[in-house]
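Start at 1 with the first residue, then count along the sequence.
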Amino acid sequence: DVELVESGGGSVQPVGSLRLSCVISSGWGWRGWFRQVSGQEREAVAAITISGSGTWYADSAKGRFNISQDNIKNTIHLSMNDLRPEDTGMYYCAAAPTAVTLGRVGDWGQGTQVTVSS
């Protein structure tokens, strides 16, 4: 019964930037972003605890992406810089009570498409 609404995607050239947003109806302790490429499994990109004390990034995102949150608006963000064609995909957010269950429980939102091409 968790509602997730993603936004902020678009089409950009390499080294461009985007900022994704996700409104989450649940107060579960772990939130994060996943990317799915057509025909491939959904993979975790970044995660954050609701307290803000813990963050996690996929190797491909380290140094380029930053996950943050606005708990007043119950929203998480993913700031993406120095974008590469391999960052292309449908981005989804997720929420879960624990890190291990993040992306493995509940339903997904509609997602927001990110396309990086020259």
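Here the CD1-CG distance, from Ile67 to Leu78, works out to 6.5 Å after rounding to the nearest 0.5 Å. Rounded to the nearest 0.5 Å, atoms CD1 (Ile76) and CG (Asp70) are 11.5 Å apart. From Arg19, atom CZ reaches atom OG of Ser68 across 6.0 Å, with rounding to the nearest 0.5 Å. One finds the CD atom of Gln69 at 10.0 Å from the OG1 atom of Thr75 (value rounded to the nearest 0.5 Å). Annotation: the span from Leu102 atom CG to Ile48 atom CD1 amounts to 11.5 Å, rounded to 0.5 Å.
The shortest heavy-atom contact between Gly8 and Thr112 is N-OG1, 3.8 Å. The heavy-atom pair separating Pro14 from Ser117 by the smallest distance is CD-O, 3.4 Å. When all heavy atoms of Thr101 and Ala96 are compared, the pair lying nearest together is OG1-CB, 3.5 Å. What you find for Thr88 and Val116 is that their closest heavy atoms are OG1-N, 2.9 Å.
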Step by step, work out the side chain to side chain contact (heavy atoms under 4.5 Å, CB included) result for Asn71 and Ile50. CA-CA 8 Å; Asn71 288 338; Ile50 195 169; 4.1 Å; yes
Under the side chain to side chain contact (heavy atoms under 4.5 Å, CB included) rule, what do Ser118 and Gln13 come out as? Steps first, then yes or no, please. CA-CA 5 Å; Ser118 60; Gln13 294 183 328; 5.6 Å; no
As a quick check of understanding, evaluate side chain to side chain contact (heavy atoms under 4.5 Å, CB included) for Phe65 and Leu83, giving each step before the final call. CA-CA 9 Å; Phe65 294 4; Leu83 284 163; 4.0 Å; yes
Passes side chain to side chain contact (heavy atoms under 4.5 Å, CB included), Val114 versus Met80? Steps please. CA-CA 10 Å; Val114 171; Met80 304 185 293; 3.8 Å; yes
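Residues Ser21 and His77 bring a donor and an acceptor atom of their side chains to less than 3.5 Å of each other.
Evaluation of the disulfide bond (SG atoms under 2.5 Å apart) test over residues 14-107, restricted to residues two or more places apart or in two chains, returns Cys22-Cys93. For the salt bridge (charged side-chain N to carboxylate O under 4.0 Å, His left out) condition, the pairs that include at least one residue of residues 44-64, sequence neighbours left out, are Asp59-Lys62, Arg64-Asp87.
Note on Met90 and Leu4: separate hydrophobic clusters, where clusters join Ile, Leu, Val, Met, Phe, Trp and Tyr whose side-chain heavy atoms are under 4.5 Å apart, directly or indirectly.
The side-chain contact (heavy atoms from CB on, under 4.5 Å) test applied to Ala58 returns Trp56, Ser60, not counting sequence neighbours. The side-chain hydrogen bond (donor to acceptor under 3.5 Å, both in side chains) test applied to Ser17 returns Asn81, not counting sequence neighbours. The ring-ring contact (aromatic ring centres under 6.0 Å, His included) search around Tyr57 returns none, not counting sequence neighbours.
Looking only at distances, a side-chain donor or acceptor of Thr49 sits under 3.5 Å from a matching main-chain atom of Ser53. Checked by atom type and distance alone, the side chain of Asp82 never pairs as donor or acceptor with a backbone atom of Gly16 at under 3.5 Å.
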Return a table of donor-acceptor pairs under 3.5 angstrom between the side chains of residues 33-46 and protein atoms on other chains or two or more places apart.
unit_1: Arg35; atom_1: NH1; unit_2: Tyr91; atom_2: OH; d: 3.4
unit_1: Gln36; atom_1: NE2; unit_2: Gln40; atom_2: O; d: 3.2

